[in-house]
Amino acid sequence: MRKTLFDKVWDSHVVRRVENGPDVLFIDRHLVHEVTSPVAFLGLKSRNIPVLYPERTFATADHKTPTRNQQLPVADPLSANQLKALEENAGRHGIPYWGLGHEKNGIVHVIGPENGITLPGATIVCGDSHTSTHGAFGAIAFGIGTSEVEMVLATQCIMQPKPKRMRITIDGKLNQAVTPKDVALFIISSLSTSGATGYFVEYAGEVFENMTMEGRMTVCNLSIEMGARGGMMAPDEKTFAYVKGREFAPKGADWDNAMAYWSTLHTDTDAVFDKELIFDGAAIEPMITYGTNPGMGMGISGAIPSSENAGSGKATYQKSLAYMDFNEGDSMLGKKVDFVFLGSCTNGRIEDFRAFTDLVRGRKKAPHVTAWLVPGSHKVDAAIRSEGLLDVLQEAGFELREPGCSACLAMNDDKIPAGKYAVSTSNRNFEGRQGPGARTLLASPLVAAAAAVTGEVTDPRKLMQTQTIS
Amino acid sequence: MAYDKFNTLRSSAVPLPIENVDTDQIIPARFLKATERTGFGDNLFRDWRYNPDNSPKPHFVLNNPLYSGKILVGGKNFGSGSSREHAAWAVYDYGFRCVISSFFADIFRNNCLNIGVLPVQVSPEFLQQIFEAIEKDPQTELEVNLPEQTVEIMATGAREPFDINGYKKENMLNGFDDIDYLLNMKAEISDFAAQTPL
Ligand code: SF4
């Protein structure tokens, strides 16, 4: 039978099919962090069982780590307690733990690919919904809850009904200043935050083929924001070149065997999807969100849609705009911005810092803007320095913080104050996500850079044009 | 962790007719710092329920003494966003055993099933009828019958079937969890692992 990429990877990991129930799915690699793991380890303890395959398990600290003075003890006692719990649990069970200050430390979805933990054709889970990031390599990767974390620790398996298959195809050429983030926000705004619920998405077409691996990670990362279980792309030469030589990737004969398998990982012609969507890449503009879910996004030069089009959700829509203190029909351009956040597992990689830096080069940070630039990992941080980006950023009045999730979910001190507006390259604009009362505008690193230097929502193309003329 | 068995639940319900309720609202991230599973109910819907000075917001439904019960009725696309199981724990810890909506986000639904909270998906029309019944009489009762897979509005007798896969249903009826199941197939798993390169 002709199979989709998703079917190939899923079916080869089914240990047992439960009649009238879920599949028992074998998990190749399991990523663990401090927030969703302590209760899972507690479960193992009460059952008196060990972690079954510690060598398939990797632990990092990221969600609530401070982004300043990481060499000092963590001040918040509850956070310190969770970090200590993870360190002890990892030690007890023989799991590699990359804690604060470790050279491999960073956001779980940034360090997976960086260290070759993320591989084509693998099944990868983590107690964090943006695990979908790893789908960029042709892996089946998805977020799980703590009971499931316990399951995987105890048995390396998870019980899951098989999702339906959706393919999103985008051909055509992207316009100037349209980044992978914009493509993803565009898709989510077209589908809504529940448009892909129950599906696993494959991204196909020229636009994704032309993307770098990091761009593909950004797109797959945001799959969850349209409700999908995950998203993935067929691995190609770019994927293999990225993976080759990384620490936990196969070597020697294992590499050759892996390559033989990986090269079969694509959707067969004529394979059938439960749903197919097609968009035109040329129709996408730099995007920005105006509401309190990632589906409330629009082209940056547009106007906030009227609630009349929100159907039965009119009241929810109006509540959302009231929270943002925006009105239907408003233009986003020119709205004052108080904070800019560059970082997260969505846009905290080196290409994001390059894009941001290119745009602010030779300009100055707007005086009233507080900017938090947070690399996704120590490796990203090292690259920012070695490539000379830090000098440019400092020259423009920016400072660099230490790696972690930071203002993406504001569990540490990096909280946007109530009522303030933040242009953020992260993934969620929910009420209070970046701090109680915070107002988040999701956008690409370019839009974030434009806001950081002008102090208001600005079309990055405007600044890019003047740059080329001068 | 094994949980309470679920059979038939008859209770009044708490209405939350808001769409796209995300898990950041159900339990904000700053309350995810515990290393145990208890105490999350106090912070269920924290920022909708309390002012920054911790005084209750009188208009929020959980602060309204008219409404109570073991069933939470939410708007469409309930539980979207973060995978935090803490959201399901908070719902459970507060005292709910069942959430009814016309549409659930995947991970939240799974998390509920894994800890013994029954997610019941009904049609948008039936959901509307439930909201109307509660508006008329805040103490009106609903009956969720898991063996029969039905939910009924007692006052009107309106009833609708709901879906749940057979395996999960057995688990809920018996209070079993997936780990019990998986631990019983250890040998099968280690054979599989042996053939699966790292
Ligand atoms: S950066 Fe944000 S979305 Fe990514 S892992 Fe951290 S908290 Fe989750």
Side-chain angles (χ1 to χ4, degrees), chain A residues 15-16 18-22 24 26 28 35-36 38-39 42-43 46-47 49 53 55-56 64 78-79 81-82 85 127-129 143-148 150-151 154-157 159 161 193-194 197-198 227 229 250 254 257-258 293 312-313 316 319 409-411 418 428 430-433 436, chain B residues 1 17-20 22-25 28-30 32-37 46-48 52 75-77 80-89 103-108 110-111 114-115 124 165-171 177-179 181-183 185-186 188-193 196-198:
Chain A
V15 183
R16 185 193 279 184
V18 180
E19 207 188 319
N20 198 10
V24 175
F26 187 80
D28 291 313
V35 177
T36 52
V39 172
L42 215 59
S46 69
R47 288 173 203 261
I49 49 177
Y53 296 115
E55 67 275 22
R56 293 179 180 273
K64 56 178 52 153
L78 291 173
S79 296
N81 192 25
Q82 261 190 355
D128 181 282
S129 51
I144 56 178
T146 297
S147 294
E148 294 167 317
E150 183 182 343
M151 247 173 257
T155 69
Q156 205 61 35
C157 287
M159 304 194 66
T193 52
S194 58
T197 301
R229 204 70 183 84
D254 289 343
N257 290 337
N293 72 57
S312 64
T316 305
K319 177 173 177 289
L409 89 168
M411 282 191 80
R428 286 186 173 142
F430 299 147
E431 286 183 30
R433 169 79 176 186
Chain B
M1 199 176 302
I18 298 173
E19 295 186 4
N20 303 317
D22 60 75
T23 53
D24 273 81
Q25 307 318 317
R30 59 188 193 283
L32 310 186
K33 295 185 178 181
T35 50
E36 286 171 23
R37 217 181 101 166
R46 181 77 204 192
D47 294 337
W48 285 351
K76 180 181 147 198
N77 196 24
S80 59
S82 156
S83 62
R84 60 188 68 160
E85 194 170 298
H86 310 68
W89 299 342
F103 197 86
F104 287 95
D106 271 343
I107 304 185
F108 180 77
N110 264 345
N111 287 342
N114 280 332
I115 67 156
N165 84 46
Y167 163 84
K168 282 290 182 194
K169 179 174 170 180
E170 275 308 296
N171 272 5
D177 66 13
D178 288 353
I179 305 188
Y181 185 97
L182 292 171
L183 286 173
M185 50 182 288
K186 269 261 183 76
E188 213 175 323
I189 293 172
S190 58
D191 288 351
F192 195 95
T196 312
L198 252 174

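All values below come from the heavy atoms of this structure, side chains included, with hydrogens, waters and symmetry mates left out. These figures come from a predicted structure and were not determined experimentally.
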Atom group of [X] that falls short of 4.5 Å from chain A, counting heavy atoms:
X: B:Asp106; answer: both
X: B:Glu36; answer: both
X: B:Ala193; answer: both
X: B:Phe104; answer: backbone
X: B:Pro197; answer: backbone
X: B:Lys168; answer: neither

For the backbone of [Y] and the side chain of [X], can you confirm whether one donor and one acceptor N or O come within less than 3.5 Å of each other?
X: B:Gln25; Y: A:Glu431; answer: yes
X: A:Gln82; Y: B:Leu32; answer: yes
X: A:Thr316; Y: B:Glu19; answer: yes
X: B:Lys33; Y: A:Met411; answer: yes

For this session: Take A:Ile49 and B:Leu183, measure what side chain to side chain contact (heavy atoms under 4.5 Å, CB included) needs, and give me the verdict at the end.
Result: CA-CA 10 Å; A:Ile49 49 177; B:Leu183 286 173; 4.0 Å; yes
Any chance you could lay out the side chain to side chain contact (heavy atoms under 4.5 Å, CB included) test for A:Glu150 and B:Asp177, step after step, and finish with the verdict?
-> CA-CA 11 Å; A:Glu150 183 182 343; B:Asp177 66 13; 5.9 Å; no
Where does [X] contact chain B at under 4.5 Å (heavy atoms): side chain, backbone, both or neither?
X: A:Val24; answer: side chain
X: A:Leu42; answer: side chain
X: A:Arg428; answer: side chain

Please assess B:His86 against A:Thr36 for the test side chain to side chain contact (heavy atoms under 4.5 Å, CB included), listing each intermediate value before the final yes or no.
CA-CA 8 Å; B:His86 310 68; A:Thr36 52; 4.1 Å; yes
Side-chain H-bond candidate by donor/acceptor type, A:Asn293 with B:Ser80, under 3.5 Å:
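No, because no side-chain N or O of A:Asn293 sits under 3.5 Å from a partner of the opposite role on B:Ser80.
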Hey, mind stepping through B:Asn171 and A:Met159 against side chain to side chain contact (heavy atoms under 4.5 Å, CB included) and telling me if it holds? CA-CA 12 Å; B:Asn171 272 5; A:Met159 304 194 66; over 6 Å; no
